[in-house]
Amino acid sequence: MDPQLDKQEIVIVGAGIIGVASAACLSDAGYQVILIDRQGVCEGTSSGNAGALAFSDILPMASKGILAKVPSWLMDPLGPFTIRPSYLPRLTPWLYRFWRASRADNLERTVQAQGAMMRLAEPEMLGLMRRAGIHHMLRENGSLELYESEEELNAALPGWQARKNAGIAFEHLRGDDLAASQPGLSPRFVAGTFVPGWKTVSDPQHVGKALWDHAASLGAQFMRGEVASLSADRASTQVVMTNGTKLTSAKIVVAAGAWSHQLAHMLGDSIPLETERGYNTTLPASAFDLKRQLIFSGHGFVVTPLDTGVRIGGAVELGGLTLGPNYKRSEAMLAKAKLFMPDLETSGGRQWMGYRPSLPDSLPVIGYARASKNVLYAFGHGHLGLTQAAATGRLMTDLIEGKEPSIPIDPFSPQRF
């Protein structure tokens with residue numbers, strides 16, 4: 001490949017769902033795109049997520065009373081949220097910012113920003129899936145969030161009121177209505193909240209690869225390799241690969257997930273991104289007759305019906321990028337799922353761990369690098385990468401084309417920290 005690229009070419013670093021959706025949107029707009037990743041298209045974290053298009057999930061993690069639970073995280077290595085003790089000193093600055101994000105005034109701004117992002121995310125994702133010819137991969141069965149007591153439901157009501165204020169429809173179910181919504185649940189669950197607008201996909205990796213096929217059909221190219229350095233000036237940008245290859249282009253989009261802050265640092269931006277290590281087990285599709293995604297919020301995991309199986313996953317382990325996986329966390333979720341769905345067949349599963357890029361305020365980083373407007377950032381979506389991928393691609397296209405962004409992007413500024 002000629003290392004001197006046409007100035008209309010865009011280099012995207014990171015072939016997860018954010019990079020792929022950005023490539024598809026930019027290709028739709030007529031740009032020539034080169035997508036770089038050291039693995040492959042949607043072979044990392046985007047291959048194993050829970051498959052939710054969670055357009056109603058506008059509440060930040062800091063709003064759920066999690067900070068008060070930090071001491072217990074250290075005591076329960078298999079709980080819904082945990083911190084590796086050896087990692088706590090490094091995590092302390094992030095936790096401080098997380099605490100600040102939990103203040104009422106900051107929470108309100110975050111909810112408003114997420115609400116705007118989700119109002120963009122739904123039509124953009126559905127539109128992109130239609131353009132790619134994969135609308136058949138969409139599942140519109142809603143979600144069911146489950147509670148083991150009326151007290152647990154009552155504690156969640158302020159969050160549901162915030163969603164109601166944002167125009168999100170839901171219904172609290174009990175008794176026969178709850179049982180009909182998902183047969184086979186343990187009677188320990190006394191109530192549930194059904195969200196009809198919640199959507200899932202047939203398999204998140206399949207969706208990501210299909211979106212890439214759409215981009216490739218419009219001329220986008222993929223390059224396997226690892227980035228050694230980034231640089232930019234007013235005229236162009238340069239990516240240098242570890243094998244010595246140099247790529248010059250008009251713009252760079254950094255969409256490298258949990259590794260993005262390392263690239264941003266090369267350009268003078270200090271981004272407090274941390275890594276939520278998520279776990280799952282995917283069972284055969286015959287393991288349980290699952291009607292829709294089930295959310296066990298009190299236990300930090302979900303169960304999703306995919307074409308490729310029943311996926312039981314979630315939980316948060318704050319432990320960075322270098323510590324080895326602890327698959328006992330997957331096993332703990334699987335054991336709880338069996339308790340909650342007694343007829344679940346738990347044999348034949350595949351375990352997995354992925355790295356979610358997480359910011360303290362639960363908002364992604366979307367905007368320009370400090371060093372140059374020829375470098376754009378699109379990362380830090382936490383649990384919402386699949387959900388917000390097409391919206392992020394739309395915003396990348398707006399910015400590269402010099403248009404007013406489709407929504408205000410100040411709340412997502414890379415310099416907000």
Side-chain angles (χ1 to χ4, degrees), residues 10 12 14-29 31 33 35 42 45-46 49-60 109-132 134-135 137-138 140 163 166-168 197-201 204 207-208 210-212 214-215 251 253-257 260 356-359 361-368 376-401 403-414 416:
I10 312 297
I12 300 177
I17 191 61
I18 299 296
V20 165
S22 297
C25 290
L26 287 163
S27 296
D28 278 334
Y31 289 91
V33 175
L35 186 66
C42 289
T45 299
S46 295
N49 66 60
L53 295 173
F55 301 123
S56 63
D57 194 2
I58 61 173
L59 301 182
R109 287 194 291 270
T110 298
V111 169
Q112 290 178 2
Q114 284 287 40
M117 187 67 161
M118 292 305 192
R119 287 190 292 275
L120 178 66
E122 184 164 7
E124 288 296 332
M125 178 56 86
L126 300 186
L128 181 56
M129 292 180 74
R130 281 193 293 270
R131 295 197 301 276
I134 60 168
H135 196 264
M137 293 185 176
L138 186 67
E140 301 187 79
R163 293 181 180 94
I168 295 165
W198 190 281
K199 298 173 176 62
T200 56
V201 298
V207 167
L211 292 179
W212 171 248
H214 172 66
K251 308 282 185 182
V253 175
V254 176
S260 297
R356 306 185 193 101
S358 181
L359 278 299
D361 58 4
S362 298
L363 295 177
V365 169
I366 296 173
Y368 300 111
L376 298 94
Y377 295 146
F379 60 82
H381 297 72
H383 297 250
L384 299 172
L386 177 63
T387 302
Q388 297 180 343
T392 302
R394 168 53 51 203
L395 293 171
M396 290 296 102
T397 305
D398 291 343
L399 293 174
I400 287 171
E401 293 189 327
K403 297 179 179 178
E404 184 73 19
S406 299
I407 60 171
I409 62 169
D410 286 349
F412 312 110
S413 169
R416 69 185 187 270

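Being a predicted model, the structure only gives us computed values, none of them experimental. Residues take their numbers from the sequence shown, with the count starting at 1.
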- request: Report yes if some heavy atom in the side chain of Asp28 is under 4.5 Å from a heavy atom in the side chain of Thr397; otherwise report no.
  value: no
query: Of the non-hydrogen atoms in Gln114 and Ile58, which two are nearest, and what is the gap between them?
result: CB-O, 3.6 Å
- prompt: Rounded to the nearest 0.5 Å, how far apart are CD1 of Ile134 and CG of Leu211?
  reply: 4.0 Å
- prompt: Are any non-hydrogen side-chain atoms of Pro357 and Phe379 less than 4.5 angstrom apart?
  reply: no
query: Side chains of Val253 and Ile18: closer than 4.5 Å at any heavy-atom pair?
result: no
- prompt: Rounded to the nearest 0.5 Å, how far does CE of Met118 lie from CE of Met125?
  reply: 11.0 Å
- request: Write down the atom of Pro123, the atom of Arg119, and the distance for their closest heavy-atom approach.
  value: CD-O, 3.1 Å
message: Tell me whether Thr387 contacts the main-chain N or O of Ala52 through its side chain, where contact means a donor paired with an acceptor under 3.5 Å.
response: yes
task: Might you point out which heavy atoms bring Ala389 and Ala21 nearest each other, and give the distance in Å?
output: O-CB, 3.5 Å
field: Phe412 side, atom CZ; Leu359 side, atom CG - distance, nearest 0.5 Å
entry: 11.0 Å
field: Residues which pass side-chain hydrogen bond (donor to acceptor under 3.5 Å, both in side chains) with Gln112, listed by chain and number, not counting sequence neighbours
entry: Glu108
Nearest-0.5 Å distance that lies between atom CD1 in Ile10 and atom CE in Met396: 11.0 Å
message: Rounded to the nearest 0.5 Å, what separates atom CD1 in Ile17 from atom CG in Leu384?
response: 13.0 Å
- line: ring pair (Phe, Tyr, Trp, His ring centres under 6.0 Å) filter on Phe55, not counting sequence neighbours, yields none
message: Can you confirm whether Leu399 sits close enough to Tyr368 that some side-chain heavy atom of one is under 4.5 Å from a side-chain heavy atom of the other?
response: yes
- prompt: Are the side chains of Met117 and Thr392 in touch, meaning some heavy atoms are under 4.5 Å apart?
  reply: yes
message: Looking at every heavy atom in both Pro364 and Gln388, which two are closest together, and how far apart are they?
response: CG-OE1, 3.9 Å
- prompt: Considering all heavy atoms of both residues, which atom of Pro60 and which atom of Asp361 are nearest to each other, and what is their separation?
  reply: CB-O, 3.9 Å
message: On a heavy-atom basis, which atom in Ala113 and which in Pro411 lie closest, and how many Å separate them?
response: CB-CB, 3.6 Å
- request: Any chance you could measure Ser27, atom OG, to Trp212, atom CH2, to the nearest 0.5 Å?
  value: 6.5 Å
